[in-house]
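The structure appears right after this line, and notes come after that.
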Amino acid sequence: MTTTIGFIGLGVMGGPMAANLVRAGFDVVGYNRSPAKVEPLVDAGGRRAGSAVEAAAGADVVITMLPDSPDVEAVLLGQASGEDARGDDAAGGGDDGDSAGVLAHLSPGATVIDMSTIRPDVARRLAEAGAQRGNRVLDAPVSGGERGAIDGVLSIMVGGDEHAFTSVKPILHAMGTTVVHVGPAGSGQTVKAANQLMVAGILEVVSEALVFLDAHGVDRERAVEVLSGGLAGNAILERKGAAMLEGNFAPGFRVDLHHKDLGIVTAAARETGVAIPVGALAATLVASLRAQGHGDLDHSALLLQVEQLSGRRANDV
Ligand code: NAD
């Protein structure tokens, strides 16, 4: 029997992830608050739902890929989300947030996989709320960006019940190549927070190196080529270096979302007394980029800020 998957949140990441599930042979019913984003899924062979609850009702597995903790809570638990919702269409219509959420409408035994990046404590709470109704809720945030989502090669870090993980593994493998169960509920989000801490720090030093090379009149394409083959080589330089050199900061991963993630990182570090001096600085730099009105650019726009701080760009970044 074909597995039916309700997919809620078809943005930069969710859209291609849902399309990959269709290609892998799953029956996918999609819902997005701005309806136009469901079109690519329908073109790929998926079905359209008129609401989150409709996408979830009758599904064996429900996947959420939404911007932030309040969005996921609103969709799954049903409380009001309006003022905290981020994304392209916070003022859009839809039925989310004003009625019982998806959890209350799940089939018995259905599993929820939240693949958004949210707070670990919220992930734990959602797992408990699901368990009270007899449904398992896994946290399964991803890394690999839009390219990884399109190519189906994401890294997926999963927290929650191990049996539930085993049962949805084929679904996760249709979207990612590195799929690892990292521990109980919330652990996936903790690992993702560590990922975002590392990405912010690396992006900042890559940006600094590119401005440094430019200031010294070095051919940056050649420099990046040789740096990529040495110890300083890294996935960010490899995947984002060319666009950064072209000054192309179309997202990608929006500054707004990385700001949200660094809030999760700094709060979680503080909770456990872990010192993250470089991470805290990176969080401030990302917050400043956002405060200057660049929340919708790719996070590699940190390069613009280094140029500004170095007097190599006008003050308005
Ligand atoms: P996005 O803003 O492009 O997509 C989110 C989608 O959810 C939008 O299409 C929006 O319309 C929809 N949405 C918002 N609230 C909704 C609701 N209540 N009901 C239905 N649809 C709703 O964001 P994205 O880049 O796809 O990121 C999604 C999540 O994945 C975020 O948590 C982000 O941090 C994480 N993430 C993103 C990337 C990336 O490179 N973009 C990489 C890894 C992880």
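In listed order, ligands and their atoms are each counted from 1.
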**OP:** Consider only side-chain heavy atoms of I, L, V, M, F, W and Y, link residues closer than 4.5 Å, and tell whether Val255 and Ile264 are in one cluster.
**Re:** no
Original post:
Closer than 4.0 angstrom: is that true for some heavy atom of Pro67 and an atom of ligand 1?
Top reply: yes
Original post:
When you look at CZ of Arg239, are more than 12 heavy atoms from neighbouring residues, nucleotides or ligands closer to it than 6.0 Å?
Top reply: no
Original post:
Relative to the heavy atoms of Ser34, which atoms of ligand 1 are at a distance of less than 4.0 Å?
Top reply: 11 (O)
**OP:** Report, in ascending order of atom number, the atoms of ligand 1 lying under 4.0 Å from any heavy atom of Arg254.
**Re:** 2 (O)
**OP:** Consider every N or O of Leu66 and every N or O of ligand 1, then say whether any pair is closer than 3.5 Å.
**Re:** yes
**OP:** Go through ligand 1 atom by atom and flag the ones less than 4.0 Å from a non-hydrogen atom of Val12.
**Re:** 3 (O), 25 (O), 26 (O), 41 (N)
Subject >> Contact with ligand 1 for Ala74, non-hydrogen, under 4.0 angstrom >> reply: no
Original post:
Has ligand 1 got any nitrogen or oxygen that is less than 3.5 angstrom from a nitrogen or oxygen of Tyr31?
Top reply: no
Original post:
So which bit of Val75 gets within less than 4.0 Å of ligand 1, heavy atoms only: side chain, backbone, both or neither?
Top reply: side chain
Subject >> Heavy-atom donor-acceptor pair, Ser300 side chain to Met244 backbone, under 3.5 Å >> reply: no
Original post:
Where does the angle between the aromatic ring planes of His299 and His258 fall among parallel (under 30°), tilted (30 to 60°) and perpendicular (over 60°)?
Top reply: tilted
Original post:
Just which atoms of ligand 1 are under 4.0 Å from any heavy atom in Gly252?
Top reply: 41 (N)
Original post:
Ser207 and side-chain contact (heavy atoms from CB on, under 4.5 Å): which partner among Ile202, Ile236, Leu303, Leu285?
Top reply: Leu303
Original post:
By number and element, which atoms of ligand 1 are closer than 4.0 Å to a non-hydrogen atom of Gly9?
Top reply: 7 (O)
Original post:
Which atoms from ligand 1 have a heavy atom of Lys260 less than 4.0 Å away?
Top reply: 31 (C), 32 (O), 33 (C), 34 (O)
Original post:
Does the N or O separation between Asp71 and ligand 1 drop below 3.5 Å for any pair?
Top reply: no
**OP:** Heavy-atom distances under 4.0 Å are what count here, so tell me which part of Lys192 touches ligand 1: side chain, backbone, both or neither.
**Re:** side chain
**OP:** State, to 0.1 Å, how close Val306 and Glu204 come at their nearest heavy-atom pair, and which atoms those are.
**Re:** CG2-OE2, 3.6 Å
**OP:** Examine Thr117 against ligand 1 and note whether any of their N/O atoms are separated by less than 3.5 Å.
**Re:** yes
Original post:
Does the side chain of Gln305 come under 3.5 Å of the side chain of Ser288 through a donor N or O and an acceptor N or O?
Top reply: yes
Original post:
If two hydrophobic side chains count as joined below 4.5 Å and joins carry through other members, does Leu138 share a cluster with Leu106?
Top reply: no
Original post:
If we only count N/O pairs under 3.5 Å, is Met13 in contact with ligand 1?
Top reply: yes
Original post:
Would you call Ala52 a ligand 1 contact, heavy-atom distance under 4.0 Å?
Top reply: no
**OP:** Answer yes or no: is there a donor N or O on one side and an acceptor on the other, between the side chain of Asp298 and the main chain of Phe253, under 3.5 Å?
**Re:** yes
